[in-house]
Structure formats: C-alpha cells, structure tokens
Amino acid sequence: MKSFYFPTEMGKNPNWKMEYKLELMFFLVLLLTDSCVGLSRREFTDAVAYLRKYGYLHIPLDTEGQNHPPEEIAEALRIFQKVTNLQISGKLDSATLAMMNKPRCGLEDSFDSKSLKYRIMGYWRKKMLTYRLHNYTPDLGLGKTRLAIQSAFKYWSDVSPLRFKELQRGKADIKISFHRKDKTCPVPFDGRGHVLAHADAPESGIVHFDGDEVWTEGKNSGSNLRIVAAHEIGHALGLGHSQHYSALMGPVYNGYHSDFKLHPDDIRGIQALYGPLRKTYVFSGQYVWTKSSSGYNSPVLISALWKELPGSLNAAVHSQRTAKSYFLKEDKLWRYTGFKLDHGFPKRLTSIPANIDSALYFNKNKKLIFFKGSGYWQWDETGPTDFSSYPKPVGQLFHGAPSNTDAAFTWTNGHIYLFKGTEYWRVDQQHRAVEKGYPLSTAARWMQCDD
C-alpha cells in the first residue's frame, strides 16, 4: 500500500495530509467494491461526479465531500445500469463508463430502484399552449429548425388533448432558444457533446439547446433536433425522466431513428397529466374518419378497424360506462370491446326499431339514447329496461332539438351535438336544451371547409 501514493514534496505542500487522505480513501473504495479494476483515478472521480450531478448520489455532509460508502456507490451504479439497459452489477465497468459519456439531457434523473415508471414534475392548468422560437441553429437554418420544433410538439399532441400554437412575437408559454457555454443561462452548457439541452418544469416554459452541438435531421451524425426537442418539451409539459431506456423521456440520447415513436411509458405519463386523447369516428358508406381536436385523419375502410362490421351503418355509439362500442344497421346490433367483436354478436333488435337515425351516450344518466323520427328510446346496458313507455318525444329529452337527426354524439367538451342535413345543434346537458345561436353550418365548423 505504501507504494500507491505519497507526495514527493510534502514539505512544500501544506495540504499534503488531506491529499494523502483522499487518495487513500479512493484506493480503499477500489479495494472494497471490487468494481473499478483497471480504472484510473480520473475515471473514478468523474463517474462519482456524474452520479452526483444526475441525482444517483447525494453529496454527503462531511466537509471534504468525498466520503461515499462503497455500498452507496454500488447501489447508485446498479440503479444507473438498470435505467440505461446495462448489465446490473454495481460495478464501474467499461460499458457503464461508456454510457456515462453518451450525450444526454442536463436535468437530474433522481431514480430509485423500486419504481419503473414515468415521473411527474408539474403541469399546466390549460391545454392550449403557445410557444415561440427566439433563435435557431445555423446547422439547419430557420425553416428546418421551425419544422423540427413543430414535429416535436406533434408527438405530444397526437397522444393527448394538448394543442400548441407558434407565436412570431410576444410572450409565449414555452420559450425556445439556442445558446452556448456563456452567461445567457444560469445553467451554462459544456460545449459539444455531453449535455445537449435542458428545460424547466411548468409553468416556467424555458427550453434551451446547446448551440455548440451539431444539430441535424434525417441522418445518424450529429444530434437530431426533432427528437431532442420532443424530449425537452416533455419536461416543459411536466414529465421527468423515464426509467425505460428506449423511452423518449429516458435521460440518455439514443440517436436518430427514422421511424421514431413514443414509448408506452411516454404516453402513459402525458396522459396521466392531461388525460387521454379522445377521438370521434365519423362514418360514411364503407369508410371511417378519425377526428380529434387536431383535425381529421385520412379515411380507412370500416372493416380495417372493426372486422365483421359492414358499411353504410345507421348509427354508432360508444358507452363511457362500460367501454363498449355499439353499431346498428337495419335490424341488427354489433357490440365491440375495443376493435374485437363480442361473443354472440351481431344480435337482432327487439325492443328498438330497425333503421334508427342516430344514437348517443348521455353522460347525465349514463344511458344510451336511440333516435328515430321525432321519438327516442333510452336503454340501460347494465340492467333490465322497460320499453313500454317508448318512444317519447325528442323535445321532451332536449328542448329545441330537431327530429330525424342524421347523427348525434357527446363530444370531449361534454356537450351533445345533433346533426341534420347541413346543420348541427349543440345541447347543454345540464339544462337539457339546445344552446342559443344554433343551428350552425356543419361544413364550416366540423368539416373544416372554407366554402
């Protein structure tokens, strides 16, 4: 041991005792953990600094700030190895060192060994957010930088009710900029490599990218701005780092993938904060369109989603109470769980007439409503229903509602919409009456047609 280290000019160095003690401690840690064979002093100290910086090790209270018990370091390494998909050994091997040298986000990880799920940092109290790009990377230019940022936001709006609007001037909710290792930000970057970007939790809205990085799109070299931006926007929306290495919100940058998609953990996290993306299916003939708050998707064959289901349906309705979907055509009823046809269906209608006009789920009493002509039928899925008093007048259910509706549904905002011809009516569920100012044009408001 006495050949390991000793200051050669200890008489000239007043701090030689402390240096000796630190070196001896470093050596003892190597011996006790058997986890750092072949490592240099610099590699070990850099690894400990990494574990501290990103929340795997807490800085001890001793004055020298170096005294981490070997078992604490080993546990920190095991957690880091677990979340970065490495062999879990608790040893500082070459693979672990290589992972620590990969580009990553500048935020802490703060994981533990018990939970493997998304982390929440905060949330916005609204679902329509604005953003502004204050500068751009010359690697891509303004146009491609804007496109990459737009695509990054779309990952989140595609799976949640969040909507994003870019501002060219003025104060935005989310503020995006590039800066280098300077005084532009209280948390300076470290030059090319290592930390790529960082962001603040809601409702700060700050998202910064390292201007020293080489930002690219569509290639494996450099750092893909779209994917890194989507990660940082996730922080700005309230998500912490994921313990799934392949998740977008994983702390280490995984490189460019042309077919990049969100991990289920990313989706669960954003939907835990803001709710699921609710969709409405619009049927016409043999085709179905998917409509959400962001617009319509291209039509597909009905049978491509719901096998065994015919086209030219009379009505379709989804029950929030039982999570079942019902489809009606002529005198038959199909019931699906998700996209799978339930056993014993289709069935023939008995208490409800054939060729109904429309159907909807009524939130207020958790019943299904079927319309035909000027009448309606109400059905309780979970118990027996006495249909002897039906049909009842539509106006008795919703004051001011039209007869012979073409379609009806309850939208994500809680309002009921009734469609007939080229117009639609909105119903206030609380007062069970059509709201003032209706009907309005279906083409202009719902189908997004200018003419």
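All values reported here derive from a predicted model rather than from experimental measurement.
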How far apart are the C-alpha atoms of S441 and E423, what are their side-chain angles, what is the distance that settles it, and do they pass the side-chain hydrogen bond (donor to acceptor under 3.5 Å, both in side chains) test? CA-CA 5 Å; S441 167; E423 297 176 317; over 6 Å; no
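- Around the NE2 atom of H399, the shell of radius 6.0 Å holds no more than 12 heavy atoms that belong to other residues, nucleotides or ligands.
- Taking the six-membered ring for Trp and the full ring otherwise, F409 and Y361 have centroids separated by 6.0 Å or more.
- More than 12 heavy atoms of other shown residues, nucleotides or ligands fall within 6.0 angstrom of atom CZ in F283.
- With a 4.5 Å cut-off on side-chain heavy atoms, K127 and R163 do not count as touching.
- Not one N or O on the side chain of Y56 forms a donor-acceptor pair closer than 3.5 Å with the backbone of I73.
- For N220 (side chain) and G255 (main-chain N/O), no donor-acceptor pair under 3.5 Å exists by modelled atom type.
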Determine whether L225 and T216 satisfy the following criterion, side chain to side chain contact (heavy atoms under 4.5 Å, CB included), listing intermediate values before the conclusion. CA-CA 6 Å; L225 179 59; T216 59; over 6 Å; no
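- K364 NZ: more than 12 foreign heavy atoms inside a 6.0 Å radius.
- By the 30° and 60° cut-offs, the orientation of the rings of H198 relative to H179 is tilted.
- Salt-bridge annotation for E381 and R321: absent, with no side-chain N of the basic residue lying under 4.0 Å from a carboxylate O of the acidic one.
- Put simply, the side chain of T45 gets close to the backbone of R41: a donor and an acceptor are under 3.5 Å apart.
- Remark: the Y256 side chain and the R226 side chain contain no N/O donor-acceptor pair separated by less than 3.5 Å.
- With Y54 as the aromatic partner, R104 meets the cation-pi criteria of under 6.0 angstrom to the ring centre and within 45 degrees of the ring axis.
- Side chain of R426 to main chain of I416: no donor-acceptor pair is present (N/O by atom type, distance under 3.5 Å, no hydrogens or angles).
- If you check the side chains of H431 and D428, you find a donor sitting under 3.5 Å from an acceptor.
- Y287 OH: 12 or fewer foreign heavy atoms inside a 6.0 Å radius.
- Using a 30° and 60° split on the angle between ring planes, Y417 and Y424 fall in the tilted class, from 30° to 60°.
- Using modelled atom types, one side-chain atom of D173 and one backbone atom of T130 make a donor-acceptor pair closer than 3.5 Å.
- The aromatic rings of W306 and Y281 lie perpendicular to each other, with more than 60° between the two planes, well past the 30° mark.
- At a cut-off of 3.5 Å, with distance as the only test, no side-chain donor of Y155 or D266 sits close to an acceptor on the other residue.
- For R132, there are no salt bridge (Lys or Arg N to Asp or Glu O under 4.0 Å) partners two or more places apart in sequence or in a different chain.
- Note: W215 CH2 to T137 OG1 = 8.0 Å, rounded to the nearest 0.5 Å.
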Check against ring-ring contact (aromatic ring centres under 6.0 Å, His included), Y131 and F153: CA-CA 10 Å; Y131 70 93; F153 276 106; 4.2 Å; yes
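- A distance-only check finds no donor-acceptor pair linking the side chain of R52 to the backbone of L57 [under 3.5 Å].
- Taking a 6.0 Å sphere around OH of Y123, one finds it holds 12 or fewer heavy atoms contributed by other residues, nucleotides or ligands.
- The six-membered or imidazole ring of Y326 lies away from that of Y336, with a centre-to-centre distance of 6.0 Å or more.
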Can you list the steps and then say if T442 with T422 is a side-chain hydrogen bond (donor to acceptor under 3.5 Å, both in side chains)? CA-CA 6 Å; T442 300; T422 60; over 6 Å; no
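- Between the side chains of T410 and N363, no donor-acceptor pair of N or O atoms lies under 3.5 Å.
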Is there a side-chain hydrogen bond (donor to acceptor under 3.5 Å, both in side chains) between N224 and Y253? Walk through the geometry before answering. CA-CA 9 Å; N224 183 269; Y253 175 59; 5.5 Å; no
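- Using a 4.5 Å heavy-atom cutoff, the side chains of I176 and H134 are not in contact.
- Closest approach of H263 and L248 over heavy atoms only: CB-N, 4.4 Å.
- Atoms NE2 and CG, from H244 and N85 in turn, are 11.0 Å apart once rounded to the nearest 0.5 Å.
- K126 NZ to E203 CD: the interatomic distance, rounded to the nearest 0.5 Å, is 7.5 Å.
- The closest side-chain donor-acceptor pair between S160 and Q271, if any, does not fall under 3.5 angstrom.
- The 12-atom threshold is not exceeded at NZ of K144, counting heavy atoms of other residues, nucleotides or ligands nearer than 6.0 Å.
- Side-chain N or O atoms of D406 include one that pairs as donor or acceptor with a backbone N or O of G421 at under 3.5 Å.
- When atom types are taken as modelled, the side chain of H241 and the backbone of E108 share a donor-acceptor pair closer than 3.5 angstrom.
- Note: F345 and W334 fail the aromatic proximity criterion, with ring centroids not under 6.0 Å apart.
- For K181, the NZ atom sits in a loose shell: 12 or fewer heavy atoms of surrounding residues, nucleotides or ligands are nearer than 6.0 Å.
- Here the CD atom belonging to Q150 is positioned 11.0 Å from the OG atom belonging to S157, to the nearest 0.5 angstrom.
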Applying salt bridge (Lys or Arg N to Asp or Glu O under 4.0 Å), run through D342 and R335 and close with a yes or a no. CA-CA 6 Å; D342 286 348; R335 190 182 75 187; 2.6 Å; yes
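- With F189 as reference, H208 is the one residue of R180, H194, H208 to meet the side-chain contact (heavy atoms from CB on, under 4.5 Å) rule.
- Considering only heavy atoms from C-beta on, L196 stays 4.5 Å or farther from D210 through its side chain.
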Any chance you could lay out the side chain to side chain contact (heavy atoms under 4.5 Å, CB included) test for W156 and L262, step after step, and finish with the verdict? CA-CA 9 Å; W156 299 114; L262 293 184; 4.1 Å; yes
Could you check Q286 against S312 for side chain to side chain contact (heavy atoms under 4.5 Å, CB included), going step by step and ending with a plain yes or no? CA-CA 6 Å; Q286 304 298 316; S312 302; 3.8 Å; yes
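- Between F327 and I302, the closest side-chain pair of non-hydrogen atoms is not below 4.5 Å.
- Not a single donor-acceptor pair under 3.5 Å links the side chain of K165 to the backbone N or O of M128.
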Between Y136 and F209, does a ring-ring contact (aromatic ring centres under 6.0 Å, His included) hold up when you go through it step by step? CA-CA 10 Å; Y136 60 91; F209 299 93; over 10 Å; no
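- By the 6.0 Å contact criterion, CD on Q87 is open, its count of non-hydrogen atoms from other residues, nucleotides or ligands being 12 or less.
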Could you walk me through whether D200 and H235 satisfy the side chain to side chain contact (heavy atoms under 4.5 Å, CB included) test, starting with their C-alpha distance in whole Å, then the side-chain angles of each, then the deciding distance to 0.1 Å, before giving a yes or no? CA-CA 6 Å; D200 289 348; H235 288 318; over 6 Å; no
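- For the pair Q81 (side chain) and K91 (backbone), a donor-acceptor distance under 3.5 Å is present.
- With rounding to the nearest 0.5 Å, the separation of CG in D357 from CG in N314 is 8.0 Å.
- One finds the CZ atom of R78 at 9.5 Å from the CD1 atom of I88 (value rounded to the nearest 0.5 Å).
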